[in-house]
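Values reported hereafter were calculated over all heavy atoms of this structure, with side chains retained and with hydrogens, waters and symmetry mates removed. Source: prediction; values computed, not measured.
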Amino acid sequence: MYDEMTNKYTVEFIAGGATQNSIKVAQWMLQIPGATSYMGCIGKDKFGEEMKKNSMKAGVNVHYYEDEAAPTGTCAVCVVGGERSLIANLSAANCYKSEHLKRPENWALVEKAKYFYIAGFFLTVSPESIMLVAEHAAANNKIFAMNLSAPFICEFFKDVQENALPYMDYVFGNETEARTFAKVHGWETENVEEIALKISQWPKASGAHKRITVITQGADPVVVAEDGKVKLFPVILLPKEKLVDTNGAGDAFVGGFLSQLVQEKPIEDCVKAGCYAANVIIQRSGCTYPEKPDFS
């Protein structure tokens, strides 16, 4: 399929990956070089080199684990009428090892960081790495956030997701993922507000921070559940003709949100920044953005 796409169409190569997208957007919104760091796994090949170049150019401090055997993960994105369809070949993205995280130069990044964000997809790769970071965050009064990421994660990786959930201070997701999470846990409701509230009230490993659930619903309002209450925040509506590509919209929302969260801004500002970033990204191809954000 990849060969067919590159031979028959003019393709664009864009460094991606759910968590990396979010971190790059947060970095772009912050405009402070090296404010963010990222770890993941790539292969020793041209795509891996491209990924390094792209991320460093974005100002992210990347510490990749380079797998000797597997090629860098790739994902084919077909966009028709602004809506996207993805075919992923995870390859090296599936090969991350916690040994890399434990190396002194990498663990030093963990010790230095005050906020952590991991996509739910990583539960399929290295739950051990997730728990190392989660436990560190809880023990040191830091913020740990994760994403539901996809319905299949909630269905088929339920146990590892449940292990990590008590450590999550922020849970992100979209309405489909939230409904799947509810179904898997036998909650007899399709109501996203109710589900967000129940996730926010799931027991916590540490009492230092409450849990806040943030669920996006495409063009419908963002649902935020905290302190037993639900708030709705409208998104920036975009005329259909301006929609280029929905790919990376959710990742961009998280990146925008995190950019304000790390500055200790109120939740309203975090959501507003998330909506702004998602709005910018869906008007462009892939998870890309102009040189400077125009957000205040």
Side-chain angles (χ1 to χ4, degrees), residues 18-19 22 25-26 115-123 130 133-134 137-138 142-155 157-235 249-262 264-275 277-278:
T19 309
S22 296
V25 169
Y115 294 82
F116 301 96
Y117 172 69
I118 304 176
F121 293 119
F122 199 59
L123 288 163
I130 292 176
V133 173
K142 295 176 174 185
I143 298 286
F144 181 75
M146 280 194 76
N147 204 310
L148 299 176
S149 286
F152 84 88
I153 302 286
C154 304
E155 287 177 291
F157 294 87
K158 179 174 176 260
D159 295 351
V160 281
Q161 191 179 54
E162 277 183 12
N163 290 345
L165 195 57
Y167 294 90
M168 297 180 204
D169 301 307
Y170 286 83
V171 177
F172 295 97
N174 65 29
E175 75 279 37
T176 320
E177 294 150 9
R179 288 190 179 116
T180 306
F181 185 93
K183 191 173 150 204
V184 166
H185 289 91
W187 301 346
E188 292 185 356
T189 178
E190 289 258 304
N191 183 309
V192 175
E193 293 173 45
E194 218 175 297
I195 297 163
L197 203 53
K198 287 185 85 138
I199 294 174
S200 73
Q201 291 164 338
W202 192 284
K204 285 210 75 211
S206 115
H209 305 284
K210 59 186 174 183
R211 180 181 301 108
I212 297 176
T213 313
V214 184
I215 306 292
T216 57
Q217 311 186 87
D220 293 327
V222 177
V223 177
V224 176
E226 67 172 312
D227 297 330
K229 292 194 276 293
V230 172
K231 283 185 188 158
L232 297 177
F233 297 93
V235 301
D251 303 337
F253 175 86
V254 173
F257 188 101
L258 294 174
S259 74
Q260 303 307 298
L261 182 68
V262 301
E264 300 181 352
K265 296 283 175 67
I267 200 95
E268 292 76 5
D269 292 3
C270 296
V271 173
K272 197 177 157 192
C275 292

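Pairing each heavy atom of Arg211 with each of Pro203, the nearest pair is NH2-O, 3.3 Å. The shortest non-hydrogen separation linking Ala26 to Ser259 is O-CB, 3.9 Å. The nearest pair of heavy atoms linking Ala178 to Ile215 is CB-CD1, 4.1 Å. Across every non-hydrogen atom of Ser22 and Asp251, the tightest pair is OG-O, 2.8 Å. Residues Ala273 and Gly256 approach most closely at CB-O, 3.3 Å, considering heavy atoms. Scanning both residues, Ala278 and Ala249, for their nearest heavy atoms gives CB-O, 3.6 Å.
Every residue meeting the ring-ring contact (aromatic ring centres under 6.0 Å, His included) condition with Tyr170, not counting sequence neighbours, appears here in chain and number order: Phe257. Residues passing the salt bridge (charged side-chain N to carboxylate O under 4.0 Å, His left out) test with Glu155: none are found, sequence neighbours excluded. With sequence neighbours excluded, no residue forms a side chain to side chain donor-acceptor pair (under 3.5 Å) with Lys272.
The backbone N or O of Phe144 sits less than 3.5 Å from a side-chain atom of Asp169, completing a donor-acceptor pair.
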Show me the donor-acceptor pairs, under 3.5 Å and distance only, between side chains in residues 219-228 and residues at least two apart or in other chains.
unit_1: Glu226; atom_1: OE1; unit_2: Lys210; atom_2: NZ; d: 2.6
unit_1: Asp227; atom_1: OD2; unit_2: Lys210; atom_2: NZ; d: 3.0

Under 3.5 Å, which donor-acceptor pairs do the side chains of residues 190-200 form with other protein atoms, sequence neighbours left out?
unit_1: Asn191; atom_1: OD1; unit_2: Glu193; atom_2: N; d: 2.9
unit_1: Asn191; atom_1: OD1; unit_2: Glu194; atom_2: N; d: 3.0
unit_1: Ser200; atom_1: OG; unit_2: Leu197; atom_2: O; d: 2.6

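Put simply, the side chain of Leu148 reaches to within 4.5 Å of the side chain of Gln161, judged on heavy atoms. Using a 4.5 Å heavy-atom cutoff, the side chains of Phe253 and Val235 are not in contact. Between Leu165 and Val171 there is a side-chain heavy-atom pair separated by less than 4.5 Å. Using a 4.5 Å heavy-atom threshold, the side chains of Lys231 and Glu268 count as touching. Side-chain contact check for Asn147 versus Tyr117: some heavy-atom pair is nearer than 4.5 Å.
How far CZ of Phe121 is from OG1 of Thr19: 8.5 Å, rounded to the nearest 0.5 Å. Note that CG of Asn163 and NZ of Lys158 are 11.0 Å apart. Values are rounded to the nearest 0.5 Å. Here the CG atom belonging to Leu261 is positioned 6.5 Å from the CD1 atom belonging to Ile143, to the nearest 0.5 angstrom.
Between Arg179 and Glu175, none of the side-chain N atoms (NZ, or NE/NH1/NH2) sits under 4.0 Å from a carboxylate O, so this pair counts as no salt bridge.
Within a 6.0 Å sphere centred on NZ of Lys204, other residues, nucleotides and ligands contribute more than 12 heavy atoms.
Applying the ring-ring contact (aromatic ring centres under 6.0 Å, His included) test to pairs two or more places apart or on separate chains, those with a residue in residues 200-228 are Phe181-Trp202, His185-Trp202.
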